[in-house]
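For reference, the structure is listed below as structure tokens.
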Amino acid sequence: MAATCNAIVHIQEPFCKAEKKNLGVTKAVFYPRRNTNSIKLKKRSFSVVASGTSPLNVDTINGRKVNGTYVGEAAIIGNKISEPHKESGVDAPLHAILLGRFVEERFVYRQTFIIRSYEIGPDKTATMETLMNLLQETALNHVTSSGLAGNGFGATREMSLRKLIWVVTRIHIQVQRYSSWGDVVEIDTWVDAAGKNGMRRDWIIRDYHTQEIITRASSTWVIMNQETRRLSKIPEQVREEVIPFYLNRLAIAPEKNDNEKIDKLTDKTAERIRSGLASVPINVLENYDLTSMTLEYRRECRQSNLLESLTTSSETLAEDSNSYNNRRPDLEFTHLLRMLADKAEIVRARTKWHYKQKQQE
């Protein structure tokens, strides 16, 4: 099952051109534990009955058989959306806040995180990079906890045998509000098919205490051969592994998703051309919140590659102000990251920003 990517693409493999489109591959970030004495959790358990006597025999998950997968009894960490299990009446261990669990008959994987001091910006709220890291961490833990993980980064066993990896082609994230330092967030993730040879992974982030949905995200993944760097069809053996986990549910309604193609920027159409990743003016970073981001990955790059960023903006008026004279402009940017040497495209992006003070007026 597919994991997620970072807002800044980190590539572990050398780039080779893929069929039709080149894509980004990223690496995970792991977080240390933090004191959670103030959080009281419910202790539950979930069991799956496996057929046969060997732990590697055929098991049934979500009503389907999964070959070579052992799913035993796992610890369940509670939250405010509860299933009919008895409460333990005692606080969970301090490390339990980082443990995830399956809910809804193992179709949804849920994990809880605390926003730490090094994951916030100058306004003491989580950054977009933090959110992307948490999405990635939850997705990878989903794959590992499912019992399907091979020796690749988020790859299944059958994928590892065939030297196949997941690569992301597109990700869209919508932020209603950013959590503050010390807040606890709860993340749900699940997967579904995306066409004949793709997979979609969705996420929802909630405030742990209020259960308010504060972030939604959706991504599309395809399979690439790790050695040739060419796209591949999903082998039937891999499809059989992941189908039992498919859930026909959308985190973002189709009419609210950003499905429009992102235009390619050129030297003539870009307003700003900068070396490196500094694609947004500093006054925008200081005075606006990034509320929506869409990334389209075109090819890989390596850590040693020199990059160039292109940006152009369009300005619209916010529609949720009471007075026309007090309406603050919202900003929308189109971005392009490309190789400095040969101008080859790496990522196209579209971002939307809301003026910070309008939430206080």
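Being a predicted model, the structure only gives us computed values, none of them experimental.
Linking ILVMFWY side-chain heavy atoms closer than 4.5 Å, directly or via other members, places Ile252 and Val191 in two distinct hydrophobic clusters. There is no path of hydrophobic side-chain contacts, each under 4.5 Å, that joins Ile273 to Val280. In the hydrophobic clustering of ILVMFWY residues, with side-chain heavy atoms under 4.5 Å counting as a link, Leu331 and Leu336 come out apart. Hydrophobic clustering of Ile, Leu, Val, Met, Phe, Trp and Tyr side chains at less than 4.5 Å, counting indirect connections, unites Leu307 with Tyr297. The hydrophobic cluster containing Leu131 also contains Leu277, counting ILVMFWY residues as joined when their side-chain heavy atoms lie under 4.5 angstrom apart, directly or transitively.
From His172, atom NE2 reaches atom OG of Ser292 across 4.0 Å, with rounding to the nearest 0.5 Å. The distance from atom CD1 of Ile120 to atom OG1 of Thr125, rounded to the nearest 0.5 Å, is 7.5 Å. Distance check, rounded to the nearest 0.5 Å: CD of Glu271 to CG of Leu265 gives 9.0 Å. In this structure, CD1 in Ile213 is found 11.0 Å from CD1 in Ile205, a value given to the nearest 0.5 Å. Atom-to-atom distance recorded for Thr127:OG1 and Asn133:CG is 7.5 Å, nearest 0.5 angstrom. Rounded to the nearest 0.5 Å, atoms CD (Glu240) and CD1 (Ile234) are 12.5 Å apart.
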Any chance you could lay out the side-chain contact (heavy atoms from CB on, under 4.5 Å) test for Arg200 and Trp221, step after step, and finish with the verdict? CA-CA 6 Å; Arg200 194 191 75 245; Trp221 297 77; over 6 Å; no

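With hydrogens and angles ignored, the 3.5 Å screen pairs a side-chain donor or acceptor of Trp203 with a backbone N or O of Leu135.
Lys356 has no carboxylate O lying under 4.0 Å from a charged side-chain N of Glu286, or vice versa, which leaves the two without a salt bridge. Salt bridge Asp263/Lys261: absent, no basic N to carboxylate O contact under 4.0 Å.
Minimum heavy-atom separation, Arg157 to Gly147: NH1-O, 2.7 Å. Of all heavy-atom pairs between Ala278 and Arg272, the closest is O-NH2, 3.8 Å. The two atoms that bring Trp181 and Ile115 nearest to each other are CD1-O, 3.4 Å, heavy atoms only. Trp166 and Ala155 make their closest contact through CD1-CA, 4.3 Å (heavy atoms, listed as atom of the first residue, atom of the second, distance).
Judged purely by distance below 3.5 Å, without hydrogens or angles, the side chains of Ser232 and Asn225 never pair a donor atom with an acceptor atom. Using modelled atom types, one finds no donor on one side chain facing an acceptor on the other under 3.5 Å when comparing Glu186 with Thr112.
The local environment of NZ in Lys343 is crowded, with over 12 non-hydrogen atoms from other residues, nucleotides or ligands closer than 6.0 Å. The 12-atom threshold is exceeded at CG of Asn283, counting heavy atoms of other residues, nucleotides or ligands nearer than 6.0 Å.
A salt bridge (Lys or Arg N to Asp or Glu O under 4.0 Å) check over residues 208-223, counting only residues at least two apart or in different chains, returns the pairs Arg177-Glu212.
Between Asp188 and the options Gln111, Arg110, His142, a side-chain contact (heavy atoms from CB on, under 4.5 Å) holds for only Arg110. A side-chain contact (heavy atoms from CB on, under 4.5 Å) with Tyr288 is found for one member of Leu285, Thr291, Leu290, Val284 and no other, namely Val284.
Residues Ile214 and Val185 meet the side-chain proximity criterion, which asks for heavy atoms closer than 4.5 Å. Leu247 places none of its side-chain heavy atoms less than 4.5 Å from the side chain of Asp192. A heavy-atom distance below 4.5 Å is found between the side chains of Thr138 and Phe113.
For the salt bridge (charged side-chain N to carboxylate O under 4.0 Å, His left out) test, no residue two or more places apart in sequence or in another chain qualifies with Lys256.
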List the atom pairs, with distances to 0.1 Å, where a side-chain N or O of residues 344-352 and a protein N or O form a donor-acceptor pair under 3.5 Å, not counting sequence neighbours.
from	atom 1	to	atom 2	distance (Å)
Glu345	OE1	Arg348	NE	2.5
Glu345	OE1	Arg348	NH2	3.3
Glu345	OE2	Arg348	NH2	3.2
Arg348	NH1	Ile262	O	2.8
Arg350	NE	Asp258	OD2	3.0
Arg350	NH2	Asp258	OD1	2.8
Arg350	NH2	Asp258	OD2	3.2
Arg350	NH2	Glu260	O	2.8
Thr351	OG1	His335	NE2	2.7
Thr351	OG1	Trp353	NE1	2.9

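Note that Arg249 lies in the cation-pi zone of Trp190, set by a 6.0 Å cut-off to the ring centre and a 45° limit from the axis.
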